[in-house]
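For reference, the structure discussed in these notes is given below.
One is the number of the first residue; the rest follow in order along the sequence. Just so you know, ligand 1 is whichever comes first in the structure, and atom 1 is the first atom listed for that ligand. Just so it is clear, the values below take in all heavy atoms, side chains as well, and ignore hydrogens, waters and symmetry mates.
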Amino acid sequence: MANMKQIAKTAGVSLGSVSHVLNGSVSVSDALRKRVMDAVEAVGYQPSQLARGLRRDKTNMIGMIIPDISNPFFPAVVRGAEDVAFAAGYRLILCNTDNSHEKELVHLNELRTYLPAGLIVIPSSFSDLTTQARSYKQAGTSVVCVDRLPRDWEGNSVTVAHEEGACVATNHLIRIGHRQLAVIAGPLHLTNAQERLAGFKRSLKQSKIAISAEYIQESTFDRQAGYAKSLVLLRLVPRPTAIFASNDLIALGVLQAAHELGLRCPEDLSVIGFDNLELGEYTNPSLTTVHQPGYQLGARAADILLAQVSGRQQSVQHVVLKTDLILRGSVGPPSEKKKISRPARAILMS
Ligand code: RIB
């Protein structure tokens, strides 16, 4: 492997000059820079990022910690972050937590020893990121939280308007005549799931619609749990005419359960998801959903990090991106018969 001595020999300059050019430590003439860079190319030299990182106390690496890359929502977030990082000369290292705060802690402790330029984190369930981020901050390393926030988080964040998105979706169901509404919320220890449920409730409250507690089911963010909770909802009397699902995977479970129970969608049951995964275009019927801009979530997080790494930006940043309701085949007005019936035990939503 080529080294700096060979560069110096090929360029006919001192080792010190090579070091000045490669490390940018001292300003050098254009002629010297060209001579050294020609020699770098001629000998095929590749600088050690590790050695460079040790000298500067920071590498060009950005750590990205997410729950699970096999969840179809997260690849776009990672891609957005990586594209922005790559264009600026930074490289991304990806870690999955499987939503376990213990595994997240292992990643946080290990990544620290790699001297990353920054961290982008989608927190795990019961994340301890708030405490951990303090030591990163002391080392001058920025951390940006994406999608949902750990307890007491006051650092950088990029999220979407979860509550507003859910409220707009529920308003649409009400506008086209639904009164027997149900929701399958995500895990309610996660801020995004809490906010989406708050948006659903806000919409009902604004329209003075009361539903009883069993029409609100909590689930994990996956199809299987969505399916199981749908069976509970679809056996209630009266049966809901519309279900708002806290993400698209849950909504897929609703479609599956409805199909198995012989219910037509949207004639017997309307379904709205949240995320706008590409697969929602190919379900039968196609899935109405709340679009959240996954790619932009990652890209904006990387933008914030890079601005802080370069010193262009010092203050803590909170970015909230907007959502859009995407209307497709899974939503329609309720049939006349259903429109007039009411839930058995009605309570007003708080
Ligand atoms: O599908 C994964 C869900 O969890 C998404 O809605 C996203 O917001 C994530 O937190």
>> Between C167 and K201, is there a side-chain heavy-atom distance shorter than 4.5 Å?
In response: no
>> Quick test of your reading: applying ring pair (Phe, Tyr, Trp, His ring centres under 6.0 Å), list the pairs with at least one residue in residues 65-101, sequence neighbours left out, ordered by first then second residue.
In response: none
>> Taking the basic N atoms (NZ, or NE/NH1/NH2) and the acidic carboxylate oxygens, is any pair closer than 4.0 Å for D38 and K34?
In response: yes
>> Under a 3.5 Å cutoff, is there a donor and acceptor pairing between the side chains of H291 and D324?
In response: no
> Applying the side chain to side chain donor-acceptor pair (under 3.5 Å) test to N156, which of Q308, H318, Q313 qualifies?
Replying inline: Q308
> Under a 4.0 Å heavy-atom cut-off, what residues line ligand 1?
Replying inline: N71, F73, F74, D147, R148, N192, R196, F221, N247, D275, Q292
> Hey, is E164 close enough to R196 for a salt bridge, meaning N to O under 4.0 Å?
Replying inline: no
